[in-house]
Amino acid sequence: DGGITQSPKYLFRKEGQNVTLSCEQNLNHDAMYWYRQDPGQGLRLIYYSQIVNDFQKGDIAEGYSVSREKKESFPLTVTSAQKNPTAFYLCASTYGPGQGAIGNQPQHFGDGTRLSIL
Amino acid sequence: QQQVKQSPQSLIVQKGGIPIINCAYENTAFDYFPWYQQFPGKGPALLIAIRPDVSEKKEGRFTISFNKSAKQFSLHIMDSQPGDSATYFCAASFLSSNTGKLIFGQGTTLQVKP
C-alpha cells in the first residue's frame with residue numbers, strides 16, 4: 001500500500017543537540033511538506049519542496065533545515081537554534097506542478113513524530 | 001490576510017446531533033477550501049473540499065456550506081456518531097500559486113457522546 005512513513009514516532013532531544021526526523025513516501029509525489037502542530041494553533045508550514053534538489057521556506061523555518069536528495073525522502077533537521085522544539089511534526093505529500101493539477105489534490109499525511117525535550 | 005480563523009475550539013454533542021464548525025478568511029484570492037479530520041496520534045486526512053464557485057457540497061454525512069460574500073465556510077456533520085470524535089481543521093489555499101501550500105485554521109476538537 002502506498003503511503004507516507006514518518007520515523008521515529010517519538011523523539012527526545014537534549015539541549016544543544018540537532019535531531020533529524022525521517023519522512024519517506026511511495027506515492028510518486030513530487031511535492032512534500034513539513035508542518036509543526038501545537039495545541040490550539042493548527043498546522044504551520046515549516047518547509048516545502050516541489051521537486052528533487054529544491055525546497056522553500058514556509059512560515060516558521062527558523063531553527064529548521066531540510067534536504068531533498070531523493071523524490072521519496074524529505075528529512076527535517078531540528079537544530080539547536082530552535083529554542084522551543086517540543087511539538088508534533090507532520091510530513092505530507094501531493095502531486096507537484098509537473099504531475100497535473102496541484103492544490104486540488106489532497107495532501108497525504110504521515111502519522112507524525114512527537115518531539116520532546118529531555 | 002493569510003489567516004484562517006476557526007471556531008469553536010472544542011465542541012461536545014450527543015449522538016445524532018449536528019455539530020457545526022465555522023471558518024472565516026480575509027484574503028479573497030483563496031480559491032480552494034478543504035477540511036481535514038485528525039484522530040489522536042495520527043496525521044490529518046482529507047474529509048471534503050469546496051471551491052468558491054459552489055455554495056454547498058455534500059459527501060455522505062458531511063456538508064460544507066460556503067458563503068463567498070461573508071468570506072465564511074462551515075462544516076456540518078449530520079447524524080453524528082461517537083466515531084466522528086476527532087479534531088477537524090479547515091484550510092485554504094491558492095490553486096493559482098501552484099505550490100500546494102495550505103493555510104490551516106486552529107482546529108476544533110469534537111466529542112460525540114453516545
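Letters go in sequence order (proteins before strands), and every chain restarts at 1.
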Visitor: For chain A, which residues from residues 105-114 of chain B have at least one heavy atom closer than 4.5 Å to it?
Guide: B:G105, B:Q106
Visitor: Treating Ile, Leu, Val, Met, Phe, Trp and Tyr as nodes and any side-chain heavy-atom pair under 4.5 angstrom as an edge, say whether A:W34 and A:I4 lie in one connected cluster.
Guide: no
Visitor: Is it the case that atom NZ in A:K9 sees more than 12 heavy atoms from other parts of the structure closer than 6.0 Å?
Guide: yes
Visitor: Taking only residues two or more places apart in sequence or in another chain, which ones pass side-chain hydrogen bond (donor to acceptor under 3.5 Å, both in side chains) with B:R61?
Guide: B:D84
Visitor: Hydrophobic clusters here meaning ILVMFWY residues chained together by side-chain heavy-atom distances under 4.5 Å, can you tell me if B:I103 and B:Y88 are in one?
Guide: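 They do share one cluster, since a chain of ILVMFWY contacts under 4.5 Å joins B:I103 to B:Y88.
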Visitor: So which heavy atom on B:F89 is nearest to which on A:Q37, and how close?
Guide: CZ-NE2, 3.2 Å
Visitor: Are A:L45 and A:Y47 linked, directly or through intermediate hydrophobic residues, by side-chain heavy-atom contacts shorter than 4.5 Å (ILVMFWY only)?
Guide: no
Visitor: May I ask whether B:W35 and B:I20 are part of the same hydrophobic cluster, defined by side-chain heavy atoms of I, L, V, M, F, W, Y residues being less than 4.5 angstrom apart, directly or through others?
Guide: no
Visitor: Testing the basics here: between A:Q107 and B:Y36, what is the closest heavy-atom pair and its distance to 0.1 Å?
Guide: N-OH, 3.2 Å
Visitor: Hey, any chance B:V4 and B:F33 share a hydrophobic cluster, counting ILVMFWY side chains that come within less than 4.5 Å of each other, even indirectly?
Guide: yes
Visitor: Show, in sequence, the C-alpha distance, side-chain angles and deciding distance for A:Y33 and B:L102, and conclude whether the side-chain contact (heavy atoms from CB on, under 4.5 Å) test is met.
Guide: CA-CA 10 Å; A:Y33 307 82; B:L102 290 171; over 6 Å; no
Visitor: By number, which residues in residues 37-50 of chain B have some heavy atom less than 4.5 Å away from chain A?
Guide: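 Listed by number, the contacting residues are B:Q38, B:G41, B:K42, B:G43, B:P44, B:L46.
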Visitor: Spell out the residues in residues 67-92 of chain A that have some non-hydrogen atom less than 4.5 Å away from a non-hydrogen atom of chain B, in order of number; otherwise answer 'none'.
Guide: A:F88, A:L90
